[in-house]
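Working notes, structure below.
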2 protein chains.
Amino acid sequence: MTTPLPKKLVRGSSSGVAIMAVFDLLGRKWNMRIMWELNSDPLSFRGLQERCDGMSPSVLNTRIKQLTEAELVFTTSEGYKLTTLGLSLMNTLNPLRDWAADWEEKISK
Amino acid sequence: MTTPLPKKLVRGSSSGVAIMAVFDLLGRKWNMRIMWELNSDPLSFRGLQERCDGMSPSVLNTRIKQLTEAELVFTTSEGYKLTTLGLSLMNTLNPLRDWAADWEEKISK
DNA sequence: TAGTCCGCTACGAAATAAGTAGCGATATTA
DNA sequence: TAATATCGCTACTTATTTCGTAGCGGACTA
């Protein structure tokens, strides 16, 4: 039988807890994409849906709720927008664009 | 009936394709976490599993294959390690740690 | 030879995402 | 004012992904 693994491992310190929450949030389909699209423009529900390859409205709805709860997105009369916190996240994620281009180039040989 | 949405929207240019692939890869449960852990140390299969809260070995196995395919991870006699490409990705993702701390602070009020 | 640990696989159950129809509200047009 | 259209969003079913667990075959050890 497989050795039971401890469910939680005591790590070096309390640091590293916050980043795990970020991984939980961003490591879910569509969340990064939605924020990326909102970083360009504020968008309506259906507009966001179109930009995100026609993703399911049911999922979009739960994503918006999550991101709103996380204070990264909020609703206005002109549609959904990033909060200051959301904008700052997209700023830290911005270098990903260049990395991605580099990666694609090297991967495709 | 719901208006059919166009499955693909013509965007401004060819730029932005690579970043979508990155979102696909990183927007999957465990992928960021695995790379984060490997950025600290090279780890064995079971070691990686422990660090990742005892995640299922079946999922871990498919993740390792994906990340290897993406040339972000490779296998050595001492365990799994990040490639140069993988290291550079973690470098661009590094500011996330600080952002996460900031976010947690503001969120918990 | 028997015991232990390893990377990894198989497989059923649970959770998440996709896909589609359509409701109620508001806006627009006839 | 009535018909039409569009909106955000919900309710459902189906498909895909992830989880949890048992355990195989190989390498090492006693």
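Proteins get letters first, then strands, A, B, ... in listed order; numbering begins at 1 in each.
Atom-to-atom, CD of B/E78 to P of C/dC6 comes out at 17 Å; the value is rounded to the nearest Å. Atom OH in A/Y80 sits about 10 Å away from atom C1' in D/dC7, given to the nearest Å. D/dT18 atom P lies 11 Å from atom CD1 of B/I34, rounded to whole Å. Atom-to-atom, CZ of B/R46 to P of D/dC28 comes out at 16 Å; the value is rounded to the nearest Å. Taking atom CE of residue A/M55 and atom P of nucleotide C/dT20, one finds them 15 Å apart after rounding to whole Å. Note: CG (A/L48) to P (D/dG8) measures 10 Å, nearest angstrom. The nearest whole Å value for the distance from the CG atom in B/D53 to the C1' atom in D/dG20 is 15 Å. For A/F45 and C/dG24, the CZ to P distance is 18 Å, given to the nearest whole Å.
Atom CD of A/E69 has 12 or fewer heavy atoms from other residues, nucleotides or ligands within 6.0 Å.
Here A/R28 reaches the OP1 or OP2 of C/dT16: one of its side-chain N or O atoms lies under 4.0 Å away. Contact annotation: B/K29 side-chain N/O to D/dC19 OP1/OP2 distance is under 4.0 Å. For B/W30, a side-chain nitrogen or oxygen approaches OP1 or OP2 of D/dC19 to under 4.0 Å.
In summary, B/R46 and B/E50 do not engage in a salt bridge, as defined by a charged side-chain N under 4.0 Å from a carboxylate O.
For A/D41, the side-chain hydrogen bond (donor to acceptor under 3.5 Å, both in side chains) partners two or more places apart in sequence, or in a different chain, are A/R51. Judged as a side-chain hydrogen bond (donor to acceptor under 3.5 Å, both in side chains), and not counting sequence neighbours, B/K65 has no contacts. Listed by chain and residue number, B/S88 satisfy the side-chain hydrogen bond (donor to acceptor under 3.5 Å, both in side chains) test with A/W99 (two or more places apart in sequence, or in another chain).
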Tell me which donor-acceptor pairs under 3.5 Å the side chains of residues 25-32 of chain B have, and how far apart each pair is, sequence neighbours excluded?
unit_1	atom_1	unit_2	atom_2	d
B/N31	ND2	B/L25	O	2.8

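Taking a 4.0 Å limit (strictly below) on heavy-atom distances, residues 56-67 of chain B reaches DNA chain D at B/S56, B/P57, B/S58, B/V59, B/R63.
Identified under the ring-ring contact (aromatic ring centres under 6.0 Å, His included) test for residues 61-94 of chain A, with sequence neighbours left out: none.
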